[in-house]
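These numbers come from the heavy atoms of this one structure, side chains and all, not from hydrogens, waters or symmetry mates. Just so you know, residue 1 is the first one in the sequence shown, and it goes up from there. In each ligand, atom 1 is the first atom listed, and ligand 1 is the first ligand listed.
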Amino acid sequence: MKTEVKSTCCYCGVGCGVLIETEEGRIAGVRGDPEHPANRGRLCTKGATLHLTADPTYRLQYPERRATRGGERQRVSWDAALDEAAERFAATIRAHGPDSVAFYISGQLMTEDYYVFNKLAKGLIGTNNVDTNSRLCMSSAVAGYKQTLGADAPPCSYADILQAGLIFIAGANPAVAHPIVFRYIEDARAANPDLKIIVADPRRSESAEIADLHLPIKPGTDIALFNGMLNILINEGLVDPDYIAAHTTGFEALADIVKNYPPAIAADICGIPTADLLQAARWFAASGASLSLYCQGLNQSAHGTHNNAALIHLHLATGQIGRPGAGPFSLTGQPNAMGGREVGGLANLLSAHRDLGNPAHRAEMARFWGVPFVPARPGKSAVDLFKSLKTGEIKAVWIACTNPAQSLPNQAAVREALQAAEFVVLQEAYGNTDTADYADLLLPASGWGEKHGTVTNSERCISRVRPAVAAPGEARHDWEIVVDFARRLGRKLDHAGVDRLFPYDDAEAIFNEHRETTRGRDLDITGLSYALLEADGPQQWPYPEGASAGKVRLYEDGRFPTADGRARFVAVEHRPTADVPAEEAPISLLSGRMRDHWHGMSRTGTVPRLFNLEDEPLLAMHPCDMRHRNLESGDLVRVTNARGAMTVRVAERPGLQRGRAWMPMHWGSQFMNSPGANALACDAVDPYSMQPELKHAAVQIARVDLPYPLAIVRRCASRSDALVLMQEARSKIAAFPYATIALYGRSSPLVVFRAAAAAAVDDALIAELDRLFGMDTDDGAIVYVDARRSIAKKAIAREGRLLGVRLAGETLAQGWLKQAMAEDELDASLIRLALAPSAKPPVTVAPRNIVCKCADVSDVQIQKALAQGADLAGLQEKLKCGTFCGSCVPDVKRIVAQYGTQEAAAA
Ligand SMILES: Nc1nc2c(c(=O)[nH]1)N[C@H]1C(S)=C(S)[C@@H](COP(=O)(O)OP(=O)(O)OC[C@H]3O[C@@H](n4cnc5c(=O)[nH]c(N)nc54)[C@H](O)[C@@H]3O)O[C@H]1N2
Ligand SMILES: Nc1nc2c(c(=O)[nH]1)N[C@H]1C(S)=C(S)[C@@H](COP(=O)(O)OP(=O)(O)OC[C@H]3O[C@@H](n4cnc5c(=O)[nH]c(N)nc54)[C@H](O)[C@@H]3O)O[C@H]1N2
Ligand code: SF4
Ligand SMILES: [Mo]
């Protein structure tokens with residue numbers, strides 16, 4: 001029997017609602033929830049493929065422990081696992097004090113999970129060492145809002161996008177990172193021909209493609225850009241003196257500073273034409289309603305807080321805040337980055353937007369929890385926390401729902417720290433992340449489609465998350481694991497009241513307690529309950545008791561949550577990036593997201609289709625920088641700096657300026673033989689937010705000579721088979737100085753292994769690889785060997801289908817072969833061409849365009865379906881094209897219309 005459960009997408013901070021379809025207790029499908037206010041039925045590629053991630057192959061299903069670091073993992077019972085964890089934590093705390101342990105958690109946990117982790121650390125153990133991956137993500141946005149507006153609250157809503165006259169996208173790429181928000185931007189563009197869109201990004205990003213003005217500023221020069229704009233606004237009389245006088249403080253001091261940023265100077269710092277800077281400032285002032293959307297391009301910087309503040313200043317100076325279509329709207333990255341902030345999830349925060357540094361706030365929370373005190377000493381923030389593991393100041397760490405052995409900068413140092421730690425607990429949904437290699441104890445957590453709780457999205461909207469199926473094996477909910485551990489730890493520490501401190505039987509009880517902490521605070525949600533969210537759907541905060549709706553927009557009355565009710569201008573100055581490119585490291589390496597992958601790919605990396613955009617990590621470079629290094633697209637390079645190195649393939653990208661390179665953050669040691677971008681990224685932090693400068697690293701890039709390439713493409717009978725094969729093939733990544741592994745394809749999944757070596761790959765290793773990929777057979781084999789040129793190729797075909805190809809020494813045909821195998825359309829007579837040294841496909845392999853990216857449907861498939869008599873509705877029913885985000889519907893209609901015309905002409 002089919003049923004549908006309302007829940008949310010577990011990826012980005014847009015926070016889309018989904019309907020999870022189950023069949024006989026298994027997740028069978030997913031579609032956008034037409035009633036969810038964030039997406040109204042739309043989903044992007046990642047959301048639309050969520051059901052495909054519901055595969056147990058890589059899931060961590062049972063508690064496991066390692067007797068020694070690096071040793072084999074052995075299954076243990078929950079009791080044994082949690083008793084050991086409690087004993088080790090208790091012993092460490094007894095011997096070295098509460099600050100010798102730490103928790104490193106995640107903006108992907110539910111609010112309820114997050115709340116109990118905080119209560120465990122700050123309330124039970126008495127340490128503020130609880131920090132999260134939000135430190136890498138939103139902490140500069142938090143600090144920026146607090147310094148200027150007085151509270152950590154994005155004042156806007158998605159509805160503002162449609163009401164804006166100018167959309168200023170600064171350091172964000174919503175086309176890939178917040179796709180449903182981008183659909184709203186496209187809707188706004190279609191509805192309002194006067195709308196202006198400005199994108200400030202060192203790269204010509206996917207989002208910049210629809211901009212009226214792209215400002216390709218030098219990395220890290222946003223403050224100069226915003227101060228330069230403010231200089232123009234002041235000099236041209238475009239500020240709003242009444243608003244400034246009535247609702248702000250600090251304007252004069254800032255105005256004095258921005259005198260030093262006249263247009264020509266500011267434009268020069270940013271490396272953009274002065275005319276473009278003038279244009280940006282004038283549009284900002286004249287639009288009627290200016291809305292800024294920003295994210296990691298501003299946050300991930302050693303001056304990220306001031307990047308945020310400098311942008312918010314533009315809104316305060318022009319009164320562009322607190323009214324429809326206007327305001328500084330920080331896009332949150334993770335699905336529950338907001339919820340984490342609400343429960344005080346960072347090492348410097350306390351529940352309900354309280355500050356740890358504030359004695360009154362600490363006393364309030366101690367009273368509320370019924371504990372003697374909340375410790376005053378600030379906790380360690382992420383980068384520092386890991387440094388302290390290395391020095392031994394922190395000895396035991398509990399990591400949940402995050403993968404620091406990939407996502408933290410300066411991986412060599414992070415991995416050393418994990419290695420040095422005395423005790424590492426990892427609470428994970430998947431068993432195969434880079435961090436899992438360092439865990440002494442692995443605790444299986446329930447994942448998407450299995451969890452319950454609440455999350456808050458970018459527009460302060462709280463949604464219920466509901467389970468559709470049970471978690472696999474013995475996996476438990478995150479909050480359950482924490483509560484069970486807390487009770488055991490409390491007993492070991494002779495804490496008499498621990499059962500009273502952690503009395504919860506379900507997530508709702510935790511929500512209700514958290515709700516009470518918000519009473520009277522800026523994010524007051526005392527009017528909300530699970531029942532209300534159930535009956536009325538998602539709601540925005542604040543939603544105090546007695547209210548009948550949440551607040552769409554904050555600060556409409558011009559009053560801000562500061563002591564004097566006024567917003568503050570902050571004295572901000574341009575500063576260079578932490579890592580300035582210089583002779584020995586002349587290129588600025590930028591990193592960020594691709595549309596179809598999520599961070600370390602523990603989930604998206606199990607779906608073949610999500611590799612169809614790129615199945616290998618590519619370093620994008622400017623053509624001049626490439627020529628200068630004698631490089632062509634497809635060559636391998638060694639990227640180095642003082643922190644680390646990686647070997648990666650380059651690709652020419654016109655959207656980059658000289659001196660800049662770009663690399664997706666998604667590839668780590670599970671998919672290539674280096675930790676990826678964070679081998680090189682910089683761990684310098686912002687002084688206020690402690691957020692590291694993940695976005696910019698100065699690097700040297702040089703050609704690397706690995707003249708012996710290898711490529712294996714293997715078709716698998718099912719996705720599970722492909723996942724198993726991929727896992728086994730991972731063991732061979734380390735055998736090569738360059739190696740990557742990926743899935744690929746549509747109906748029949750492929751595993752793609754690519755490598756390159758300095759010397760010819762020896763026969764023994766080739767034989768081992770053949771065995772691993774099931775190609776050590778003569779049945780249906782075609783072999784080509786040219787020993788003199790170290791070329792050894794083999795293809796296996798059965799019943800006219802190509803099952804696998806191994807190309808060593810020369811791999812020119814790999815690209816089209818992979819494509820043809822994925823489409824399953826290599827004509828039997830052409831199989832022998834599989835071993836031909838040709839980068840060009842035989843003519844029968846038709847080129848195709850993917851029309852619907854969400855459902856991965858090509859023009860050829862659409863034409864085939866039309867030929868079989870389908871109409872638009874039929875296409876949508878059969879192929880699902882155009883039914884997720886909707887952006888391709890015009891293209892699908894065009895193909896249908898063209899087909900109709902052709903038919904008519906033929907008749
Ligand atoms: N597909 C996908 N979507 C995601 C995620 C994912 O993993 N995959 N992750 C989610 C998370 S947690 C987050 S935090 C968000 C991140 O969302 P975004 O911040 O929008 O995405 P990024 O690609 O990290 O970076 C955005 C842009 O910042 C630019 N940039 C780099 N340096 C600078 C600079 O100095 N100034 C300016 N103005 N721009 C600069 C980059 O070129 C890049 O285009 O995405 C969320 N959405
Ligand atoms: N170079 C560079 N580095 C970056 C960035 C960048 O732009 N450039 N961006 C940074 C940003 S903004 C972020 S947010 C971080 C993200 O970095 P991470 O947090 O390390 O990224 P994820 O891969 O999302 O890790 C989440 C982990 O939780 C697991 N998981 C999923 N669901 C559950 C669950 O319900 N319970 C539990 N216990 N586990 C679960 C997943 O399998 C996954 O391994 O990366 C940061 N690092
Ligand atoms: S935009 Fe895409 S990834 Fe983000 S919540 Fe919506 S469906 Fe999920
Ligand atoms: Mo993030």
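Under the 6.0 Å distance and 45° angle rule, Arg59 counts as a cation-pi partner of Tyr430.
Glu614 and Arg653 are joined by a salt bridge, as a carboxylate oxygen and a charged side-chain nitrogen come within less than 4.0 angstrom of each other. Residues Asp434 and Arg415 are paired through a salt bridge, judged by an N-O separation under 4.0 Å between the basic side chain and the carboxylate. Note on Asp478 versus Lys451: salt bridge recorded, some NZ/NE/NH1/NH2 to OD/OE distance being below 4.0 Å. Between Arg643 and Asp683 there is no salt bridge, since none of the side-chain N atoms of the basic residue sits less than 4.0 Å from a carboxylate O of the acidic one.
Near Ser446, meaning under 4.0 Å from any of its heavy atoms, are these atoms of ligand 2: 34 (C), 35 (O), 36 (N). Proximity to Thr433 (heavy-atom distance under 4.0 Å) selects the following atoms of ligand 2: 44 (O). Against a heavy-atom cut-off of under 4.0 Å, Ala445 is close to the following atoms of ligand 2: 36 (N), 37 (C), 38 (N). Heavy-atom proximity to Thr402, at under 4.0 Å, picks out these atoms of ligand 2: 18 (P), 19 (O), 20 (O), 25 (O), 26 (C), 27 (C), 28 (O). For ligand 3, the atoms sitting less than 4.0 Å from at least one non-hydrogen atom of Gly15 are 5 (S), numbered in the order shown with element in parentheses. For ligand 2 and Lys451, the ligand atoms under 4.0 Å from any heavy atom of the residue are 34 (C), 35 (O), 36 (N).
When only modelled atom types and interatomic distance are considered, Tyr114 and Thr132 share a side-chain donor-acceptor pair under 3.5 Å. In this model, no donor atom of one side chain and acceptor atom of the other lie less than 3.5 Å apart for Ser106 and Thr402. Defined by atom type and a distance below 3.5 Å, a donor-acceptor pair is missing between the side-chain atoms of Gln406 and Thr435. For the residue pair Asn336 and Thr111, a side-chain donor N or O sits within less than 3.5 Å of a side-chain acceptor on the partner. Counted by atom type alone, Arg595 and Thr45 present one or more donor-acceptor pairs between their side chains at under 3.5 Å. Donor-acceptor pairing under 3.5 Å is lacking for the side chains of Ser588 and His696. A donor-acceptor contact under 3.5 angstrom links the side chains of Asn308 and Asn299, judged on distance only.
Residue contacts with ligand 2 for Asn403 involve both N, CA, C or O and side-chain atoms from C-beta outward (heavy atoms, distance under 4.0 Å). Counting heavy atoms closer than 4.0 Å to ligand 2, residue Asp478 contributes side-chain atoms (C-beta onward) but none from N, CA, C or O. Contacts with ligand 2 closer than 4.0 Å are made by heavy atoms of both the backbone and the side chain of Cys401.
Around ligand 1, the residues contributing at least one heavy atom under 4.0 Å from the ligand are Cys12, Lys46, Cys137, Gly171, Ala172, Asn173, Val176, Ala177, His178, Ala200, Asp201, Pro202, Arg203, Ile217, Pro219, Gly220, Asp222, Cys295, Gln296, Gly297, Gly333, Gln334, Leu590, Gly592, Arg593, Met594, Arg595, His597, Trp598, His599, Trp662, His666, Lys695, His696.
Protein nitrogen, oxygen and sulfur atoms, that is N, O or S, within less than 2.8 Å of atom 2 (Fe) of ligand 3 amount to 1.
Between Ser602 and ligand 2, at least one pair of N/O atoms sits closer than 3.5 Å.
Shown here are the side chain to side chain donor-acceptor pair (under 3.5 Å) partners of Ser381, two or more places apart in sequence or in another chain: there are none.
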Side chains of residues 656-665: which donor-acceptor pairs under 3.5 Å do they make with residues two or more places apart or in other chains?
from, atom 1, to, atom 2, distance (Å)
Arg660, NH1, Pro202, O, 3.0
Arg660, NH1, Pro216, O, 3.2
Arg660, NH1, Ile217, O, 3.1

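Remark: distances from the non-hydrogen atoms of Arg603 to ligand 2 include one below 4.0 Å.
With Arg593 as reference, His599 is the one residue of His178, Gln296, His599 to meet the side chain to side chain donor-acceptor pair (under 3.5 Å) rule.
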